[in-house]
Amino acid sequence: QVRVQESGPGLVKPSQPLSLACSISGASITDKYYLWGWVRQSPGKGLEWMGVIDFHGFTYLSPAFKSRTSISRDTSKNQFSLQVNSVAPEDTATYYCVRSGTESGGIISIIDTWGQGTLVIVSS
């Protein structure tokens, strides 16, 4: 069974960077043709898609996060990471790492695996 697991700090100070990692088991981050990404959930905004990294290592980011967010991978560790710079209290949310399977020749992608989520609180 494919599983993904988030790890990182539960508390981050405003203006500081947030870094989270996602470990993968039961699959390889280079498996064709999957996408590996991040989604967050908060009471005020609900679910927000942040971005993904594909099996080539190319990233695709939501316009809402592109200016201060990056996604990277480490194939030797079979994991990928999220970094959000200059966080604010509005970034308080539960962050999920996910896997998406592609369909229709890569035109669409649907999440098929979710991590359990990790709560990140931004506060001084």
Side-chain angles (χ1 to χ4, degrees):
Q1 182 179 6
V2 178
R3 302 181 72 176
V4 293
Q5 177 67 62
E6 307 87 351
S7 62
L11 181 65
V12 183
K13 295 181 178 179
S15 79
Q16 298 299 302
L18 166 65
S19 295
L20 298 174
C22 181
S23 62
I24 303 166
S25 62
S28 171
I29 198 167
T30 61
D31 285 348
K32 299 179 181 178
Y33 298 92
Y34 289 98
L35 309 173
W36 308 85
W38 294 92
V39 177
R40 74 179 190 183
Q41 184 174 39
S42 64
K45 297 183 178 181
L47 285 172
E48 295 179 286
W49 179 82
M50 302 184 72
V52 298
I53 188 164
D54 71 11
F55 72 100
H56 289 297
F58 299 148
T59 58
Y60 305 84
L61 299 173
S62 168
F65 298 98
K66 189 174 183 179
S67 65
R68 62 190 182 102
T69 301
S70 64
I71 297 173
S72 60
R73 70 177 185 176
D74 186 336
T75 57
S76 67
K77 296 180 179 180
N78 202 34
Q79 66 179 35
F80 62 104
S81 301
L82 172 75
Q83 178 158 316
V84 182
N85 296 321
S86 301
V87 298
E90 306 90 81
D91 293 309
T92 295
T94 299
Y95 288 76
Y96 299 89
C97 59
V98 300
R99 185 184 75 166
S100 298
T102 59
E103 297 180 5
S104 300
I107 300 300
I108 62 171
S109 182
I110 305 297
I111 295 172
D112 63 11
T113 306
W114 291 76
Q116 66 180 10
T118 183
L119 175 63
V120 177
I121 297 174
V122 179
S123 176
S124 61

Side chain to side chain contact (heavy atoms under 4.5 Å, CB included) for Lys13 and Ser124? Distances and angles first, verdict last. CA-CA 5 Å; Lys13 295 181 178 179; Ser124 61; 5.6 Å; no
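- For the residue pair Gln79 and Ile29, the shortest heavy atom distance occurs at O-CD1, 3.7 Å.
- Atoms CG and OG, on Leu82 and Ser70 in that order, are 7.0 Å from each other to the nearest 0.5 Å.
- Put simply, the side chain of Glu6 gets close to the backbone of Cys97: a donor and an acceptor are under 3.5 Å apart.
- Among all heavy-atom pairs drawn from Cys22 and Val4, the shortest one is SG-CB, 3.6 Å.
- Put simply, Val98 and Tyr34 are part of two different groups of oily side chains (I, L, V, M, F, W, Y) that touch within less than 4.5 Å, one to the next.
- Tracing side-chain contacts under 4.5 Å through hydrophobic residues (I, L, V, M, F, W, Y), one never reaches Leu61 starting from Tyr96; they form parts of separate clusters.
- The structure places CD of Glu48 at 5.5 Å from OG of Ser42, a figure rounded to the nearest 0.5 Å.
- Linking Ile, Leu, Val, Met, Phe, Trp and Tyr residues whenever their side-chain heavy atoms come within less than 4.5 Å leaves Val39 and Leu18 in two separate clusters.
- Of all heavy-atom pairs between Pro9 and Leu20, the closest is CD-CD2, 4.2 Å.
- Applying the ring-ring contact (aromatic ring centres under 6.0 Å, His included) criterion to Tyr33, with sequence neighbours excluded, gives Phe55.
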Given Trp36 and Ile71, is the side chain to side chain contact (heavy atoms under 4.5 Å, CB included) satisfied, shown in steps? CA-CA 9 Å; Trp36 308 85; Ile71 297 173; over 6 Å; no
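- Not a single donor-acceptor pair under 3.5 Å links the side chain of Ser62 to the backbone N or O of Gly51.
- Looking at Arg68 and Asp91, a side-chain N of the basic residue comes within less than 4.0 Å of a carboxylate O on the acidic one, giving a salt bridge.
- To the nearest 0.5 Å, atom OG1 of residue Thr94 and atom CZ of residue Arg40 are 11.0 Å apart.
- Rounding to the nearest 0.5 angstrom, the gap separating the CG atom in Asn78 from the OG1 atom in Thr30 is 7.5 Å.
- Residues Val52 and Met50 do not share a hydrophobic cluster, clusters being chains of Ile/Leu/Val/Met/Phe/Trp/Tyr side chains in contact below 4.5 Å.
- The hydrophobic cluster containing Val12 also contains Trp38, counting ILVMFWY residues as joined when their side-chain heavy atoms lie under 4.5 angstrom apart, directly or transitively.
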Test side chain to side chain contact (heavy atoms under 4.5 Å, CB included) on Val87 and Val120; report intermediate values, then the result. CA-CA 11 Å; Val87 298; Val120 177; over 6 Å; no
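- The distance from atom CZ of Arg73 to atom CG of Asp54, rounded to the nearest 0.5 Å, is 7.5 Å.
- Atom CD1 of Ile108 is separated from atom OG1 of Thr102 by 9.0 Å, given to the nearest 0.5 angstrom.
- Contact between Ala27 and Val2 at its shortest, heavy atoms only, is CB-CG2, 3.9 Å.
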Evaluation steps, side chain to side chain contact (heavy atoms under 4.5 Å, CB included), between Thr118 and Ser7: CA-CA 7 Å; Thr118 183; Ser7 62; over 6 Å; no
